[in-house]
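The structure appears below as structure tokens.
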Amino acid sequence: MRSIRTLTLATLTALAFAPAAFAQDTTTDDTASGKHFAVVGGVSLLQPKNDPIDGVRKVDGGPAPTVSFSYYINDNWAVELWGAADKFDHRVRGTDGARLGTVEQQPIALSGQYHFGQADNVFRPFVGVGYYESNFSNEDLASDVGHIGLETAKGAIGTVGVDMNINSTWFARADARYMHSRPELTVNGDKTGDKAKLDPWTVGFGIGARF
């Protein structure tokens with residue numbers, strides 16, 4: 001149900017932006033060049049890798065709304081703050097496929113990006129690299145030794161994506177992000193030394209505006 005509500009929220013947000021997004025510029029000299037700020041709202045699907053730790057076969061992926069704010073130093077170089085506006089929900093499954101429980105996480109990242117081509121090109125690919133942290137919460141995992149938790153994951157994040165300019169203000173975005181995620185497991189708050197190799201990918205779509 002939560003995934004359905006998340007997707008519904010993202011759809012309604014996109015529809016609210018759509019009329020303005022697809023409106024044409026009334027001036028012929030308007031340009032995206034020289035605009036220093038951009039904001040993007042959308043939805044992303046986060047999927048951790050399989051076999052992250054002994055006894056766990058899979059951590060199911062899930063969607064969440066995301067938002068990013070960028071400052072463009074010039075038309076090509078930008079600094080982006082990106083994060084999940086809500087938590088990603090994950091179901092944890094054992095090696096036999098049985099459900100072991102659930103966990104939530106909410107990442108945030110700061111990255112430097114390079115956007116290729118001219119500011120007014122219809123398609124503008126970009127790449128980025130930076131640092132992220134992802135907080136885990138509401139761990140509800142089956143255990144006979146006590147409460148199992150996950151420390152905050154932190155490390156490098158890489159981004160590839162493309163913007164499609166609708167006009168000088170509005171654009172659509174598709175991106176993929178990889179996070180090097182190795183949070184340490186805890187039992188009743190004590191560190192165990194074991195790390196979960198989650199290393200998730202996200203695939204996202206959104207609508208943005210620059211000003």
Side-chain angles (χ1 to χ4, degrees), residues 1-7 9-10 40-70 79-113 125-143 148-162 173-186 191-206 208:
M1 288 298 294
R2 184 166 185 171
S3 296
I4 294 174
R5 290 198 301 271
T6 298
L7 290 172
L9 175 62
V40 178
V43 63
S44 294
L45 176 67
L46 185 148
Q47 179 61 64
K49 67 181 294 186
N50 290 338
D51 303 311
I53 196 169
D54 290 343
V56 174
R57 176 69 181 92
K58 186 177 182 180
V59 179
D60 290 339
T66 55
V67 63
S68 71
F69 302 92
S70 296
V79 177
E80 180 200 55
L81 179 65
W82 170 89
D86 197 2
K87 297 177 181 180
F88 289 97
D89 293 329
H90 304 295
R91 289 175 297 181
V92 182
R93 300 184 182 276
T95 53
D96 58 355
R99 179 172 171 174
L100 300 179
T102 58
V103 64
E104 299 176 344
Q105 68 168 308
Q106 190 167 18
I108 187 171
L110 184 66
S111 299
Q113 293 179 343
F126 63 91
V127 295
V129 64
Y131 174 84
Y132 87 96
E133 291 190 2
S134 190
N135 181 58
F136 293 88
S137 60
N138 297 326
E139 298 98 328
D140 184 12
L141 303 172
S143 171
I148 296 178
L150 291 167
E151 291 281 289
T152 298
K154 56 187 70 175
I157 181 172
T159 306
V160 294
V162 62
R173 170 170 291 183
D175 59 41
R177 301 170 192 266
Y178 170 80
M179 288 172 272
H180 185 74
S181 178
R182 306 291 174 90
E184 185 172 355
L185 271 68
T186 63
K191 295 182 179 181
T192 64
D194 295 323
K195 294 185 177 181
K197 300 177 181 180
L198 297 175
D199 296 340
W201 282 90
T202 70
V203 177
F205 300 93

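Considering only heavy atoms from C-beta on, N135 stays 4.5 Å or farther from I108 through its side chain. A 4.5 Å side-chain heavy-atom check between Q106 and E104 finds every atom pair outside the cut-off. Looking only at side-chain heavy atoms (C-beta outward), T102 and N138 stay at 4.5 Å or farther from each other.
In this structure, a donor-acceptor pair under 3.5 Å is present between the side chains of Q105 and S134.
The distance from the NZ atom of K195 to the CZ atom of R182 is 8.5 Å, given to the nearest 0.5 Å. Rounding to the nearest 0.5 Å gives a distance of 12.0 Å between OH of Y131 and OG of S111. Atoms CG and CD, from D175 and E80 in turn, are 7.5 Å apart once rounded to the nearest 0.5 Å. The NE2 atom of H90 lies 9.5 Å from the CG atom of D60; values are rounded to the nearest 0.5 Å. For the atom pair N50 CG and D199 CG, the distance stands at 12.0 Å (nearest 0.5 Å). A distance of 10.5 Å separates CG in L46 from OG1 in T66, rounded to the nearest 0.5 Å.
The two atoms that bring Q47 and K58 nearest to each other are NE2-CE, 4.3 Å, heavy atoms only. Listed here is the closest heavy atom pair of G62 and F88: O-CD2, 3.2 Å. When every heavy atom of P63 is checked against every heavy atom of V43, the shortest pair comes out as CB-CG2, 4.3 Å. H180 and Y132 make their closest contact through O-OH, 3.0 Å (heavy atoms, listed as atom of the first residue, atom of the second, distance). Shown here for A109 and I157, the closest heavy-atom pair between the two residues is CB-CD1, 3.9 Å. For the residue pair V59 and P52, the shortest heavy atom distance occurs at CG2-CG, 4.0 Å.
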Inset, instruction - Begin from the C-alpha positions of L150 and L185 and carry the test side-chain contact (heavy atoms from CB on, under 4.5 Å) through to its verdict. - result: CA-CA 5 Å; L150 291 167; L185 271 68; 3.5 Å; yes
Inset, instruction - Go through the steps to decide whether T159 and F126 satisfy the test side-chain contact (heavy atoms from CB on, under 4.5 Å), and finish with yes or no. - result: CA-CA 8 Å; T159 306; F126 63 91; 3.9 Å; yes
Inset, instruction - Decide side-chain contact (heavy atoms from CB on, under 4.5 Å) for R177 and S44; before the verdict, give the C-alpha distance in whole Å, the side-chain angles of both, and the deciding distance to 0.1 Å. - result: CA-CA 10 Å; R177 301 170 192 266; S44 294; 5.8 Å; no
Inset, instruction - Report the C-alpha separation of M179 and L198 in whole Å, then their side-chain angles, then the decisive distance to 0.1 Å, and conclude whether the side-chain contact (heavy atoms from CB on, under 4.5 Å) test is met. - result: CA-CA 9 Å; M179 288 172 272; L198 297 175; over 6 Å; no
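Taking F136 as the reference, nothing meets the ring pair (Phe, Tyr, Trp, His ring centres under 6.0 Å) condition, with sequence neighbours excluded. By the salt bridge (Lys or Arg N to Asp or Glu O under 4.0 Å) test, E139 pairs with no residue at all, sequence neighbours left out.
Identified under the salt bridge (Lys or Arg N to Asp or Glu O under 4.0 Å) test for residues 43-55, with sequence neighbours left out: D51-R57.
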